[in-house]
Every structure is written in C-alpha cells, then in structure tokens.
Amino acid sequence: MTNYLEELNESQRDAVLYNEGPSLVIAGAGSGKTRVLTYKIAYLLEQGYTPWSILALTFTNKAAREMKERIARQVGDQARYLWMGTFHSIFSRILRCEAQVIGFSSNFTIYDSSDSKSLIKSIVKEMQLDDKTYKSGLIQARISNAKNHLVFPDAYVSNAELYQYDLNAKVPATRDIYRQYWERCRQSDAMDFDDLLLYTYMLFRDHPEICRKYAEQFRYVLVDEYQDTNFAQHSIVLQLTQEHQRVCVVGDDAQSIYSFRGANIDNILKFTQLYKGAKLFKLEQNYRSTQTIVCAANSLIEKNSEQIKKEVFSEKAKGEPIGVFNAYSDVEEGEIVANQIVKLRSREHYSYNDFAILYRTNAQSRIFEEALRKRSLPYKIYGGLSFYQRKEIKDVISYFRLAVNPNDEEAFKRVLNYPARGIGDTTLNKVIDAAAQHHVSLWMVLEEPLAYGLNINKGMHTKLQGFRELVKSFIVEIPKKNAYELGAMIVRQSGIMNEIYQSNDPENLSRQENIEELINGMHDFCAIREEEGNENILLTDFLSEVSLLTDQDNEKEEDAEKITLMTIHSAKGLEFKNVFVVGLEENLFPSALSLNSYKELEEERRLFYVAITRAEEHCYLSFAKSRFKYGKMEFSSPSRFLKDIDVHFLKLPQEEQMARRIDERASRFCREQNERASRFLFDESASQPSYGRSSSNLSGGQKSFFVGERPKAEIIRPSVPRNLTKVGLATVSKPSAAGTLPVNVLAGQVIEHERFGIGDVIKVEGTGENSKATVRFRNAGEKQLLLKFARFKVVE
DNA sequence: CCGGTTCGGATCAAC
DNA sequence: TCCGAACCGG
C-alpha cells in the first residue's frame, strides 16, 4: 500500500481501510467523500480484488466517469474493468444479459419519461377517460412512485389503501391504467427508467441462482450518494450483499434532495439497523469552504428535524460573511450579480470559471444571461432542453429504435408519418385498435394488416407497405454496418434529411447542426471503441448507451473561461470559489409546491444547504421583490430560509440589518411558532398512502425553457460523445481511423492522443494490423490502443 | 389527410 | 412565457 494513504486524514483513512464488514460513511459537504471512495477502490484492488468483482454505483454518469479516471490514475488501465456506473446503466447491462428470463429481448428499448408520458396519454384516451382528470403527468407520477416502492400492477390493484387514495383524488382508474401501461411496455419490449430497477429486483427475487451469480461476482459493493437511493435501489443492493455483507455506502443525509423521484432518506438513517454490526464513519472536516460558509450552512441545516448528528467544521480561513442582496426586480437582481462578479474579479483576479450562479428553476437563467451578455461576460448554461429531447434528435433516434426493436410503440407512433407520408391519425388509431384487440404490437399489425382485420383501403395499404419496407431495409443492415454508417444511412433514407435540408431558415439550420452533431457523435462513438480494440460497433450498442445519457454528461473539457449557470440540483457534487444563490423568495425557493408538507419543506432547506456548501470562498444570496412569472409581474417576499441562517454570518443590506437586529428575537419567536404549527398541520404528510413518501412529481415530463434560438450562449448538453473530426453527412466513409497509416511507435516514446492527451508509451505488442500499444496518459490513466485505429501523434 | 393558426393551461428539480 | 391540443380551410 502506498503513499496515498498519507493524503487522507484519520477518519478518511479508517473508512478506506475497514473492509471486514458493512460500513456507512457519513460524509459532510466537502469532506472528501469522492477521495475516500476512489482510494478505497484502489486499496481493494491492491488487496487482490479483481476489478470486475467490484461494483460501484453512482447517481450520474459524470460521477462514475470522474471516479473511474481518478482510480485509473492510481491503478492504471484495470480501472476500465470495474463495474462502475449509475444504477440505471449497470442494471440495464445486467438486464440485457438476462432479458430472456423475464420475457424481454436483449435489445429492449428504454423509454424516457416523455415516452412513458405519451404512452399513458394514449392509454387514457383509449380507455375513454377524461384527460382533464387523468392528467398524464399525475398518473405517471403515481405509477413511478409505485414502481420505486416495488409495487407491481397486481399488488397495486389489490391494495385497498392505494385505491382509496386514488378514489379520493378522483382517479380510481389509475390501477387499470397502470396494468395496461405495464402490458403495453412489455408488448413493446420496452422498459421505462423505473422498470430498470423494478425488473432487476424481480429478476433477482424470482431467480435466486441468477442473484447468486451476481452476488458472487460482485464481491464488494459500494454506493455513492446513498441518501438519494429509493426503496427499489436499496432493495437490490440488499439482494446483492446480504449474503457476504461486503458493502460500503457513502452519503450525507443533509444533502438528500431527490425525494421527488422516490429517494428515501430512511435508507441511510436505518442502514446500521439493517446491516447488523455495520461500522459508522463520519467525515466532518470540510476542506472546501471558509469557516464562515461552513458555519452558516450548519446554522441553516440545524433547523431541520431529521438528521444524523454530525459536526462539520473547517480549518480554512474565516472568510467573509455571506452577502445578501435585495433587488427591486428580477432584472435588477441580474444586474447586481453581474456587477458583483466584475467587482470581485477585478479585486481578487478570479477566473470566470470561479463563478457560479445557482437557481431553483431553469426559467430563472434568462435574466442572468441578459445581464451577463450586456457586460460581455462569458457564461455557460447547464440544463434546459437536453440534446436528446430535441424534436429532430428524437425523430432520428426513433428510427434507430424502430430498426433495433420494431415493436417499440412510441418510436413507431412518432415516425409512422414523419416525414409526412400520408398516414394520418385515423389510420394510426385503426392500427392501435387492432393491436390492442389482438394483444400484439403495432408493428405486428403492420406486418400482417389483413390477419388483424385492419380496415383500410388499397391506397393506404400501399403507403403502409412503403413504411414497412423502409424500416425493414434498416433492420437488415444492422449486423452489416456499424452504428455510424447505419445512422447516416437512416437519416438520409428515412427522408428526414430531405425534410430538414429543404430550406435554410434559422430553425432548420439549427436542426441540421444538431443532426450532424448526432452523426458526428456516432462516428466518434464507433471510432473510440474500435480504437480500444472492439469490433463491430452496432447501432444496438449506440442506442443502449445513449438512452441513459443526460444533460450532465458532456465530456467536453472547457478551454475557455466561463461563468457557470445551473440549477442547484445540477450543482450537487461541484464546487466553485464564488457562488451566487439567487431567487431566494417565498414560492420560488422554497418552491410553492413544497409548502404543503413539512418533509418537502425540509428537502428544500437541504437543497439550500447544498447550494451554500458549493462555495469555497465567497457566497452571496439574493432575492427580488418583484419578478415576471408566466408573463405577469408578481410580487414576492424574501425566503423564510434567509432567517434560518444565523445572522452573524450574514452581511445584510444596511436598512435590513437595522430592522433585523431589532426584531430578531420577535422573529425567532414567530418562526418557532410557525414551525410548531406547520409540524402540527402537516404532520407526516398524512394524506399519503402507506408506502408513499410525498413524491408529488405532478409534472413529470421535462419542459423546456430554452426552445428556439438562443443568442450565442453555449448550452451544455449531453454529449453524443463529442466530435473530434467533422464528418459531414455527405461523406459517409468507413471510419477506419480516418485512413491513417499505422504509426510506428516504440516503447519509451511520448505521444499526444486526440482524446486522451499526452501519454508515455509503455509497451508495444503484436505486428501490423493488430499491433497494440499500452500507454500511460498523464490525465486519462493507462489505456490500450489498437494502433490501426488510434489517432495520435508522436511527440518525442 | 395536412399544415397553419388560435387558444388555453401549466407553471420544479432529473436518472 | 412557453407549449401543445383543438380547430379549420384547403
């Protein structure tokens, strides 16, 4: 074991070295949680664990990727073989292997939430229910919540309590919709996000031999952000580890901010009861923030009732108090923040990268954009409409999906008449009816319209046949072409390319760019994998990867300095020297929707805690007295959370300060009264059915706030793995390493790789076509490169 | 069946 | 402000 243990403090070291049984690491904000996890994995590898016997689960792809890179720096290329990824991606991998056992094919589609929403919508329509009462978002939330609690359709139907709840909510048919939705997904060979968990659980539950197989393979299981696991995730971890008990979970109950998608804080609170003899480690030293920031955050989170006791402290400088800005309007709030950035930057020579503006909702970003643009300050926005949610991308991907799995109902509906080929709603509805009647997929009806009694005329038959042949012509190419080649072919032959390249109005232009970016991304996707020695990267492989990517997953390294704008949720796990938390107003933060239960309000407070603890040196809070909402000016009052922070750590505006001092005692009294009252009124969110923590995701699907043209600003979006080389749609050639001749490279040389950067060549094996180099990259760890594909140049 | 326009409704975070 | 469902004329 090496020197890196010396880089850890005592409690971190204890947590890394203890591997004899289950352990829970409570890691305060900025306390080196990732460091502990990476070192622990490195340590396990040194102790003789093989990489594929270690399972590490995270919440974002980004977290997994970063951790993998850090581990690779410690232990080299073997990091590549770790089972490290999000719950969803790891489980989808397992499910694709074992799909047959549970009645799916290994090419099953993953429905994103807009797919599920749309399916629910059509089911509601088919059942002739009123879609004003049965709102798709609401039903989706109910179903999702059930799945997160491992409630299968049968159990839902027979659960009196759930039925009563739905009855009270005037949606008694929810259980029928759930059942129907379940069947339709199966018919379509599709799983939604929640299914990836639910079916994994079911697989392990119903097939103990399979469960045992994985439990034995994963000799050690680690879970990051354990406070954000839901019951399903928690149960699967238990399935895998209850035999051998080699499990380590890491988290911070104070940073649990995802109960709206089923996260259950009890999982972490009760861990030590569930795993008898589990060791508890607490990481309490914050290495990120000034003492003032840490103390302010502590004083805030103290106001929450449920938490594991811990004392986070910092030994860094005391730092400046947290600045509070009081603006008259949302526009002025933007001005103030922008001015403060300019001021700070000139005073202390920060880079633009050192600034982040964090808000509760994406919609708030606009005002700040304008203020920053006015001063020519560079910025980047995370979030908004993700790349894969864009219409043109969803269209193209739907064709991909249909080729890989023609039973995919949502993909089918989406492209049956896009580009327009004269098959309208009337016909589609006939197909849907026939399919429902015979319990088959839409595609099966399309294959044998007569057998399923499809009542359409001759002309329509021909049109349907045309579509059928089109899709089939893609299907036959799947094994013959790689993902990139087939992707480019589909874009052209489906007619999408014609449609979009017809005119060059700005809207089409951006669509063209997006589609080209997708295709370029596919090119790189293939190239990278081929470089690493894999052959035949099929469309299937591409699809299974991209369906789980999100806005957070951009691989692109920023070269230019930019101010970061993002929601607090996306900021989790990040840190910045200077943080502005904006929009601290009642009904915005805390959100109006969180005010009906005590638990939700506490979650909002934890969210605020997360926001503040992102800051290393300076933290500012701001609010506006008026703000445009839905096109109307609305007045707002300062957030109650401002009063939760001990006034000693704040620098209030002058007049506020006076007022605050005077009535501090009075307000504390009021606050206590209010809290007592709200605890009483909303205790335990009594209206929820037994399994239900308040999930209240009434909206469900993603809404875009950023549609249309955005001036200049760079929107960070999920990478279709970024383009290294521009490959136009017109030039479809085999990416055989862009035709470069095998480069002669020798051990000891230094190379510069397009993606991995500078690295030392350690050894070269094989000859000609198959020669392979092992390279230790300075930033990307050790990699094996197949020279016939690798793109790099020799530096010295 | 198609494409354009109008109207009304939602209104949060995201794997 | 935004988006999508509903409506209507070709």
Side-chain angles (χ1 to χ4, degrees), chain A residues 57-64 85-92 110-114 116-118 121 125 131-132 135-138 141 144 148 192-197 225 228-230 232-233 257-263 358-364 366-367 382-386 388-389 391 417-428 459-460 463 547-553 566-572 583 587-595 600 603-604 606-607 610-611 627-634 695-708 718:
Chain A
L57 297 165
T58 63
F59 270 79
T60 63
N61 295 307
K62 196 177 165 209
T86 63
F87 281 89
H88 292 83
S89 73
I90 296 283
F91 294 164
S92 72
I110 297 173
Y111 276 173
D112 68 21
S113 45
S114 67
S116 355
K117 206 168 175 179
S118 140
K121 205 173 275 178
K125 206 163 154 192
D131 62 359
K132 297 269 168 1
K135 291 183 191 153
S136 54
L138 176 95
S144 170
N148 287 161
D192 65 22
F193 286 142
D194 304 315
D195 285 334
L196 295 175
L197 308 177
E225 308 278 15
D228 285 331
T229 52
N230 61 35
Q233 290 164 322
I257 55 174
Y258 281 110
S259 80
F260 68 88
R261 51 175 215 233
L358 307 181
Y359 33 76
R360 180 65 176 82
T361 69
N362 273 312
Q364 290 164 257
R366 258 193 70 180
I367 301 281
Y382 287 75
L385 191 58
S386 92
Y388 292 100
Q389 306 278 86
K391 181 192 177 302
N417 197 34
Y418 180 81
R421 45 175 78 84
I423 309 172
D425 281 352
T426 321
T427 307
L428 174 61
M460 192 52 74
K463 287 179 188 167
S547 28
L548 292 168
L549 291 183
T550 67
D551 337 20
Q552 293 294 298
D553 302 318
M566 56 168 58
T567 63
I568 303 168
H569 281 89
S570 358
K572 187 166 177 200
N587 296 327
L588 180 61
F589 195 10
S591 145
L593 296 160
S594 70
L595 297 181
E600 279 169 290
E603 174 147 319
E604 293 281 305
R606 289 193 293 269
L607 190 58
V610 168
R627 173 180 299 279
F628 263 102
K629 258 185 193 166
Y630 322 126
K632 269 207 247 45
M633 178 71 88
E634 289 193 355
S695 110
S696 80
N697 181 5
L698 300 188
S699 66
Q702 285 75 359
K703 280 276 186 296
S704 148
F705 294 90
F706 298 143
V707 173

* Just checking, any donor-acceptor pair under 3.5 angstrom between side chains of A:T567 and A:S570? -> yes
Whole-Å distance, A:F59 CZ to B:dA13 C1', equals 14 Å
### Message
For a quick check, tell me whether the side chain of A:R261 and the base of B:dC15 share a donor-acceptor pair closer than 3.5 Å.
### Response
no
Next on the checklist: Could you tell me if the side chain of A:I568 sits less than 4.5 Å from the side chain of A:I257, heavy atoms only?
Outcome noted: no
Taking Watson-Crick and G-U wobble contacts under 3.5 angstrom, with | marking pairs to another strand and [ ] crossing pairs, the secondary structure of DNA chain C is written ||||||||||
Looking only at B:dC15, B:dC12, B:dA14, the nucleotide nearest the A:R360 side chain is B:dC12
* Is A:I423 touching bases, backbone alone, or none of the nucleic acid, heavy atoms closer than 4.0 Å? -> sugar-phosphate
Using a cut-off of under 3.5 Å, enumerate the N/O to N/O pairs linking the protein to nucleotides 5-10 of chain C.
residue, atom, partner, partner atom, Å
C:dA5, OP1, A:K121, NZ, 2.9

Q) Tell me, do A:Q364 and A:L588 make a side-chain contact under 4.5 Å, heavy atoms counted? A) yes
Between OH of A:Y382 and C1' of B:dA14 the distance, given in whole Å, is 16 Å
What does A:N417 touch in the nucleic acid at a heavy-atom separation under 4.0 angstrom: a base, only the sugar-phosphate, or nothing?
sugar-phosphate
By salt bridge (charged side-chain N to carboxylate O under 4.0 Å, His left out), A:D194 pairs with (sequence neighbours left out) none
Judged by nearest nucleotide, the residue sitting upstream toward the 5' end of DNA chain B, A:S591 or A:K463, is A:K463
- Query: Which whole number of Å gives the distance between the P atom of C:dG4 and that of B:dA13?
  - Reply: 15 Å
note: A:I257, atom CD1; B:dC12, atom P; distance rounded to Å ~ 17 Å
(request) Using a heavy-atom cut-off of under 4.0 Å over every strand shown, decide if A:T427 touches base, sugar-phosphate, or nothing. (result) sugar-phosphate
So what does A:Y258 touch, heavy atoms closer than 4.0 Å: a base, only the sugar-phosphate, or nothing?
-> sugar-phosphate
Separation of B:dC15 atom C1' from A:L196 atom CG, nearest Å, is 9 Å
Query - Evaluation steps, side-chain contact (heavy atoms from CB on, under 4.5 Å), between A:M566 and A:K572 - result: CA-CA 10 Å; A:M566 56 168 58; A:K572 187 166 177 200; over 6 Å; no
Of C:dT1, B:dA10, B:dA13, the nucleotide closest to the side chain of A:K135 is B:dA10
Taking B:dC12, B:dA10, B:dA14 as options, the one with an atom nearest any side-chain atom of A:T361 is B:dC12
| field | N/O (side chain, A:R627) to phosphate O (OP1/OP2, B:dT11) under 4.0 Å | value | no
To the nearest angstrom, the CG-C1' distance between A:L588 and B:dA13 comes to 12 Å
Rounded to whole Å, the CG-P distance (A:N362 to C:dT1) equals 18 Å
- prompt: Are A:I423 and A:M460 side-chain neighbours, meaning at least one heavy-atom pair lies under 4.5 Å?
  reply: yes
From NZ of A:K629 across to P of C:dC2 the rounded distance in Å is 17 Å
Taken to the nearest whole Å, NZ/A:K117 to C1'/B:dA14 is 13 Å
*asked:* If you compare every side-chain N and O of A:T567 against the phosphate oxygens of B:dA14 (OP1, OP2), does one of them come in below 4.0 Å?
replied: yes
_Main-chain N/O of A:Y111 paired with A:D195 side-chain donor or acceptor, under 3.5 Å_ = no
Contacts of A:K391 meeting salt bridge (charged side-chain N to carboxylate O under 4.0 Å, His left out) (sequence neighbours excluded), chain-then-number -> A:D395
The side-chain hydrogen bond (donor to acceptor under 3.5 Å, both in side chains) partners of A:T86 (sequence neighbours excluded) come to A:S89
Closest to the side chain of A:H569, out of C:dT1, B:dA14, B:dC2, is B:dA14
Exercise. Would you indicate, yes or no, if B:dA14 has its OP1 or OP2 atom less than 4.0 angstrom from a side-chain nitrogen or oxygen of A:S570?
Key: yes
Winner on side-chain proximity to A:T86, out of B:dC15, B:dA14, C:dC2, is B:dC15
Result for 5'-nearest mapping on DNA chain B, choosing between A:F87 and A:R421, is A:R421
### Task
Measure up the A:F260 and A:Y258 rings against each other and bin them: parallel (under 30°), tilted (30 to 60°), perpendicular (over 60°).
tilted
Those residues at least two apart in sequence (or on a different chain) that pass side-chain hydrogen bond (donor to acceptor under 3.5 Å, both in side chains) with A:N417 are none
